[in-house]
Amino acid sequence: MRVPAFVALIVGVIIVPTTLGVAKLDRDRDRSQLERSLVAETEAHGGALESYFTRSQSVVLLTANSPAFAEFLAAPGTRPEKLRRNGRALRDVVHHLRYLEQLYPSSIGEACFIDADGAELARVVRGRVARPQELSTSESQTPFFAPTFALRFGQTHEPLPYVSPDTKEWVVANATPIPQRDGRKRAIVHFEVTGESFRRAMGRATDAELRVVDGATGRVIIDGADPQRVGARLGNPDDRRFVGLARTAGRAGVTKVDGRLVAYRRIRRTPGNINDWLVVASAPSPTPGFVAGLGSLPLAGIALALLLIAAGGASLRAGRRELEAQATTDGLTGLGNRRKLLVDLDRRVRTVRADAPVVLTLFDLNGFKNYNDTFGHQAGDALLQRLGSALAQAVAPFAGRAYRPGGDEFCVIADARHQHAMEQAACAALSETGDGFDVSAAFGSVLIPQDTGDATEGMRKADDAMYAQKHSGRATAGRQSSDVLLRALAERHPDLGDHQDGVAELASGIARRAGIEGEELLQLAHAAALHDVGKVAIPDAIINKPAALDAEEWAFMRRHTIIGERIVAAAPALASAAKLVRSSHEAFDGTGYPDGLAGIEIPLGARIIAICDAFDAMISDRPYSTPKSPDQALAELRRCAGRQFDPELVALFEQVMAERALPPTAHSAG
């Protein structure tokens, strides 16, 4: 018995220290990884806040150097006289103040132009321009007034956060003197950035708790997980855990606070910014001691070793997944990169069904190079981040996923049933305009599997279509013209907007099934969206009449197709669509209007639009009728087939609607 016991002891002595050593190495590695993660969070989010400060200072300097401010100050007359005149210089001043809100959407508290006596010369609060009688004459009491007038031209001042008297929100002001040739400081320009916008700019971390701490007092002034509410105290003043850290913190480091591992980065005061902040990333839970981290020591050594091996395997798998995610994600926008796009596209090509096609759309930005050359690469990267985020949100309702293959190109894979609406939403998301720039998107689409069953060929075809549109300008001009006309109709008759979109979406689906493609399909989609644009010339009393129209009113109403043709034809890129708009209310038996065409005399696209228009009108809530169910509307189409509608197209419409009624699993099977 001694020999087995000795052997067991030796084995135990060997196994226990070995497994404890492995456990310690594993624990040290986890701590090191956590430290790196926390440091990375402070670097990333601290850098974002520093960029925010730098951008604010640059923007206020650019604004102050606009000639409009100096021209207003140089104009003759007293302050009340200048305000009453409301001359060009004052209007330009207001324009520049309002433009600040476009640079900082939902972030600006207010923007002001203040003279040396403390009187406001102009003020904009959330897009609203203050009237002369509303302008304050006592701004000299504000915390930014005296320090700003003490500056030299070209310097900026950012005071400590304070509550804005107009918006009641916590804000950080940005102010600078208006440059004057004679060296006198007659006025300043000033705008406020909300504390909540700093929190949003800092962003959220997935594996850490983010806070901004005042470097002088240790108070939490921004809590990444707690929005700054109007009327509440700044940040979380009851959180006093970081007071000691603020006293001893250098530029950056890692330490423990309340048992939790904490990384910090200091955003020091700079010329023009008196704020001394610490960006702090805290581990979400306390760091356990060594013994507690191992569990119960009396556990058998081999069991403990096996558990540690399993934990190491899980850690390796998590690390591998993280590396895979990094390899398939665009580092700038967070969208899938080219590798991810090709993998997803290949999978969709292999599993797609003919009755549930997908659309691959490539986008290329117009005007981005000019933007990049004008405002610099940092601003260009920020623009790509905004556009990428907007694109992902815009295509999500269409079961779409966005990618950035590289450069200024984006891509979307989406459900093809809503292709036209998706393309419009994506183009809107990839557009941004401002003083000196206009960024838009050209695109090309390919249907899978109808156009191709190969991923590489699909990319090539979509790329060819995109560059054909980009260089011809025809499709872009047509879409821009169409969007303008649709906006005019929506402003005149807001209730027609959803109807127009519904008809366009249905008509595009039926047209593809009928073999229409390319430019003809694009013109049909424009015509379907614009078929009622002539109603802008019809009085509201007729459009919204809850009862049946009399003969004179009906005759007036029938003119809207001719009016619509003239309106649409004014855009050369929509000439073909204009003809379809004119014939969109013709009947298959010749009883329609305005030309009494019959059968195949009516253009195919117009016959498709007529069916989709009638169906969408029947299922919509109108002043003169209650909506029908889709089944009732289909029955009405069948009843009128051969008289009002082309019977073959009605049958095709029923097939498409039957496929759309299938449950989602039926479309995604395979």
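Since the model is a prediction, treat every value here as computed from it, not as a measurement. The analysis underlying the following values was restricted to heavy atoms, covering all of them including side chains, and did not include hydrogens, waters or symmetry mates.
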Verify side chain to side chain contact (heavy atoms under 4.5 Å, CB included) between V439 and T433, making sure each step is shown before the conclusion. CA-CA 6 Å; V439 175; T433 60; over 6 Å; no

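- Of all heavy-atom pairs spanning L90 and L121, the tightest one is CD1-O, 3.9 Å.
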For the pair D276 and R266, evaluate salt bridge (Lys or Arg N to Asp or Glu O under 4.0 Å) and give the outcome as yes or no after the intermediate values. CA-CA 7 Å; D276 181 12; R266 185 180 292 274; 2.9 Å; yes

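- Atom CD of E134 is surrounded by more than 12 heavy atoms from other residues, nucleotides or ligands within 6.0 Å.
- Using a 4.5 Å heavy-atom threshold, the side chains of F149 and L151 count as separate.
- Summarising the geometry, atom CG belonging to L100 is positioned 11.0 Å from atom NE2 belonging to H190; distances are rounded to the nearest 0.5 Å.
- No side-chain donor-acceptor contact under 3.5 Å links S66 to the backbone of L62.
- If you take CG on L332 and CG on N337, they are separated by 12.0 Å, rounding to the nearest 0.5 Å.
- To the nearest 0.5 Å, the span separating CD on E120 from CD on E139 amounts to 4.0 Å.
- Side-chain contact between L38 and L261: present, with at least one pair of heavy atoms (C-beta onward) separated by less than 4.5 Å.
- Ion pairing of D238 with R233 is present here, as a side-chain N (NZ or NE/NH1/NH2) and a carboxylate O approach within less than 4.0 Å.
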S32 vs R36, side chain to side chain contact (heavy atoms under 4.5 Å, CB included): CA-CA, chis, key distance, verdict: CA-CA 6 Å; S32 178; R36 290 195 299 271; 2.8 Å; yes

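- Within the model, atoms CG of L430 and OG of S440 stand 9.5 Å from one another, a figure rounded to the nearest 0.5 Å.
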Check the pair R123 / D166 against side chain to side chain contact (heavy atoms under 4.5 Å, CB included), numbers first and verdict last. CA-CA 10 Å; R123 182 178 76 236; D166 293 298; 3.8 Å; yes

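- Side-chain contact, N372 with H377: a donor N or O sits under 3.5 Å from an acceptor N or O.
- Using a 4.5 Å heavy-atom cutoff, the side chains of L160 and V172 are not in contact.
- For Y264 and F242, the ring centers are positioned 6.0 Å apart or more.
- For the pair R269 and N275, the minimum side-chain heavy-atom distance is 4.5 Å or more.
- A donor-acceptor pair under 3.5 Å links the side-chain atoms of T42 to the main chain of V39, judged by distance alone.
- Using a 4.5 Å heavy-atom threshold, the side chains of T167 and V125 count as touching.
- No side-chain donor-acceptor contact under 3.5 Å links S389 to the backbone of Q385.
- Between E409 and R404, no side-chain nitrogen of the basic residue sits less than 4.0 Å from a carboxylate oxygen of the acidic one, so the salt-bridge criterion is not met.
- Between G235 and Q228, the shortest heavy-atom distance links the atoms N-OE1, 2.8 Å.
- Of all non-hydrogen atoms in F398 and A394, the two that sit nearest each other are CE1-O, 3.4 Å.
- Using modelled atom types, no side-chain atom of T329 and backbone atom of G331 make a donor-acceptor pair closer than 3.5 Å.
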Check the pair L210 / V280 against side chain to side chain contact (heavy atoms under 4.5 Å, CB included), numbers first and verdict last. CA-CA 6 Å; L210 285 175; V280 178; over 6 Å; no

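- For residues 142-154, no pair satisfies side-chain hydrogen bond (donor to acceptor under 3.5 Å, both in side chains), with sequence neighbours left out.
- Using a 4.5 Å heavy-atom cutoff, the side chains of R79 and D115 are in contact.
- For the pair R186 and D182, the salt-bridge criterion is met [side-chain N within less than 4.0 Å of a carboxylate O].
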Apply side-chain hydrogen bond (donor to acceptor under 3.5 Å, both in side chains) to residues E169 and S164 and explain how you reach the verdict. CA-CA 6 Å; E169 291 188 85; S164 170; over 6 Å; no

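- Ring geometry, Y371 versus F368: the interplanar angle falls under 30°, so the pair is classed parallel (tilted spans 30 to 60°).
- Panel note: side chain S197, backbone V193; no donor-acceptor pair is recorded below 3.5 Å.
- Closest approach of T194 and V171 over heavy atoms only: CA-CG1, 4.0 Å.
- Atom CZ of R339 has 12 or fewer neighbouring heavy atoms from other residues, nucleotides or ligands inside a 6.0 Å radius.
- Within 6.0 Å of the CZ atom in R128, the count of heavy atoms belonging to other residues, nucleotides or ligands exceeds 12.
- Aromatic ring pairs are classed by plane angle as parallel below 30°, tilted from 30° to 60° and perpendicular above 60°; the pair H96 and F69 is tilted.
- To the nearest 0.5 Å, atoms OH (Y99) and NE2 (H95) are separated by 8.0 Å.
- The line from CZ of F53 to OG1 of T270 is 8.0 Å long, rounded to the nearest 0.5 Å.
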When you look at R211 and D239, which way does the salt bridge (Lys or Arg N to Asp or Glu O under 4.0 Å) test go after all the steps? CA-CA 11 Å; R211 297 175 180 85; D239 189 348; 3.6 Å; yes

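- Figure legend: K340 and Y403 shown without cation-pi pairing, the cationic atom not lying both under 6.0 angstrom from the six-membered ring centre and within 45 degrees of its axis.
- Considering only heavy atoms from C-beta on, L387 comes within 4.5 Å of L365 through its side chain.
- Of all non-hydrogen atoms in P179 and A70, the two that sit nearest each other are O-CB, 4.3 Å.
- Scanning all heavy atoms of the two residues, the minimum distance from P161 to W170 falls at O-CZ3, 3.6 Å.
- Between R219 and V213 the shortest side-chain heavy-atom distance does not fall below 4.5 Å.
- R265 contributes a side-chain N or O that, together with a main-chain N or O of E43, makes up a donor-acceptor pair within less than 3.5 Å.
- At least one donor-acceptor pair closer than 3.5 Å links the side chain of S431 to the backbone N or O of C427.
- The pair E209-R260 meets the salt-bridge criterion, since a charged nitrogen lies less than 4.0 angstrom from a carboxylate oxygen.
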